[in-house]
Amino acid sequence: MNKKSILLIVVLLLSVGSAFAGTGTANIKNTPHNLSYLSYPADSLYVYAAWNASEDQICIYCHTPHGGNLDAPLWNRDSSTLQGVGHYQSYSGAVMATLGIATNREINTESLLCLSCHDGSLGVGDIINNPATGIPSNSGVKIVGGFGNPGPRIGGSSANTADTTDLRDDHPISFSYQAVYAADTSKLQDVATVEGNSLTLFGGAAKNVECATCHDPHVDYFAAPEYTPFWAIPNTGSDLCLSCHIK
């Protein structure tokens, strides 16, 4: 392998990390995002071993070294069925509505990365580039929400499977934080403060809020419980919320 190839790999890996720029302890093996059969110890609440009887790779459920797509570096999931205006219904507050940020707005790629599992429509092992061992045995298993219930919503139940695209009771995503802040500076911190608090805003000058603004999928919150559930920064004393909101 030549020096240019090594440099490219390093740049790609750094790009993956920068998309989820939390400051917690990164150890994907010891998180609920380990969907391999080598999952967290058997006495853990988050055991997914029954979902997969054979696959020992962990990263493959989201990343692949070859043949992925450009949604994110080395991305191994296909979110094309989740795209388009009107596919999801999202939260839109009074100021957002005034700015024309509709409930049926397009969800940006940065959040579709998460929704490609967490809207409950695709199997956790429904990936683009399968491992040498073949299609993962959990390819048809839907992701679970809080407390073992299926679907995208914390506290959802199995009866909610028909409204997996209804995100109106969840924190809004895929909107310009800069635009909402400029419309009413009394309710939100300025962008410099938000980013100074180690939260990531996306989309260049738009400074969009996406799932990864608040969440880091790689953080080991068993080792650092203050990062539960996959927080980008600890929410002790509502610090994460107050990084944006003035209350």
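- Rounded to the nearest 0.5 angstrom, C117 SG and L35 CG are separated by 6.5 Å.
- Heavy atoms from other residues, nucleotides or ligands lying under 6.0 Å from CG of L70 number 12 at most.
- No donor-acceptor distance shorter than 3.5 angstrom exists from the side chain of Y61 to the backbone of I127, with no hydrogens or angles considered.
- No option in T213, N108, I173 other than N108 meets the side-chain contact (heavy atoms from CB on, under 4.5 Å) test with N208.
- Residues in residues 77-102 take part in no salt bridge (charged side-chain N to carboxylate O under 4.0 Å, His left out) pair, two or more places apart or across chains.
- Between F230 and Y221, the ring-plane angle classifies as perpendicular under the 30° and 60° cut-offs.
- In this structure, CG in L240 is found 12.5 Å from CD in E226, a value given to the nearest 0.5 Å.
- At distances below 3.5 Å, not a single donor-acceptor pair connects side-chain atoms of N34 with backbone N or O atoms of I28.
- Considering CG of L115 and OG1 of T109, their distance stands at 11.0 Å, rounded to 0.5 Å.
- Side-chain N/O atoms of Y88 and D119 include a donor and acceptor closer than 3.5 Å.
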Quiz prompt | From CA spacing to verdict: side-chain contact (heavy atoms from CB on, under 4.5 Å), L167, Q89 | solution = CA-CA 6 Å; L167 307 177; Q89 295 297 305; over 6 Å; no

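- The closest donor-acceptor contact from the side chain of S176 to the backbone of K207 lies at 3.5 Å or more, if one exists at all.
- Side chain of H218 to backbone of A26: no donor-acceptor contact under 3.5 angstrom is found.
- Nearest heavy-atom pair across E210 and S111 is OE1-OG, 2.6 Å.
- E55 contributes a side-chain N or O that, together with a main-chain N or O of Q57, makes up a donor-acceptor pair within less than 3.5 Å.
- For the pair H87 and I107, the minimum side-chain heavy-atom distance is 4.5 Å or more.
- Annotation: side chain of S116 is in contact with side chain of W75 (closest heavy-atom distance under 4.5 Å).
- One distance of note links CG of N76 with CG of D71; it measures 11.0 Å at 0.5 Å rounding.
- Using cut-offs of 30° and 60° on the angle between ring planes, the pair H215 and W231 is parallel.
- No donor-acceptor pair under 3.5 Å is formed between the side chain of S79 and the backbone N or O of L82.
- Hydrophobic clustering of Ile, Leu, Val, Met, Phe, Trp and Tyr side chains at less than 4.5 Å, counting indirect connections, unites I233 with V191.
- The side-chain heavy atoms of D216 and Y227, taken from C-beta on, include no pair separated by under 4.5 Å.
- Heavy atoms only, all atoms of each residue included: N130 and I135 are closest at ND2-CG1, 3.5 Å.
- Residues P136 and P131 meet the side-chain proximity criterion, which asks for heavy atoms closer than 4.5 Å.
- Taking the salt bridge (Lys or Arg N to Asp or Glu O under 4.0 Å) definition, one finds that D239 meets it with nothing, sequence neighbours left out.
- Taking every heavy atom of both residues into account, P65 and L74 meet most closely at O-CD2, 4.1 Å.
- Side-chain contact between L112 and Q83 is present, with heavy atoms from C-beta onward closer than 4.5 Å.
- The main-chain N or O of G237 is never found under 3.5 Å from a side-chain atom of N235 such that the two would form a donor-acceptor pair.
- Looking only at atom types and distance, the side chain of E106 has no donor-acceptor partner in the side chain of S174 under 3.5 Å away.
- Within the model, atoms NZ of K29 and OG of S36 stand 9.0 Å from one another, a figure rounded to the nearest 0.5 Å.
- Shortest non-hydrogen contact noted between I101 and F175 is CG2-CB, 3.9 Å.
- Scanning all heavy atoms of the two residues, the minimum distance from T103 to S92 falls at CG2-CB, 3.8 Å.
- Scanning both residues, C244 and Y177, for their nearest heavy atoms gives O-OH, 3.3 Å.
- Considering only heavy atoms from C-beta on, E195 stays 4.5 Å or farther from T200 through its side chain.
- L113 and I58 fall into different hydrophobic clusters, where Ile, Leu, Val, Met, Phe, Trp and Tyr side chains are chained together by heavy-atom contacts under 4.5 Å.
- Side-chain contact check for R105 versus S90: some heavy-atom pair is nearer than 4.5 Å.
- Taken from OG in S238 to NZ in K247, the straight-line distance is 11.5 Å, to the nearest 0.5 Å.
- Of the possible polar contacts, none joining the T31 side chain to the N27 backbone as a donor-acceptor pair under 3.5 Å is found.
- Between H171 and H245, the two ring planes are perpendicular [angle over 60°; tilted spans 30° to 60°].
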Exercise. Test side-chain contact (heavy atoms from CB on, under 4.5 Å) on M96 and V180 and set out the steps.
Key: CA-CA 6 Å; M96 297 171 71; V180 176; 4.0 Å; yes

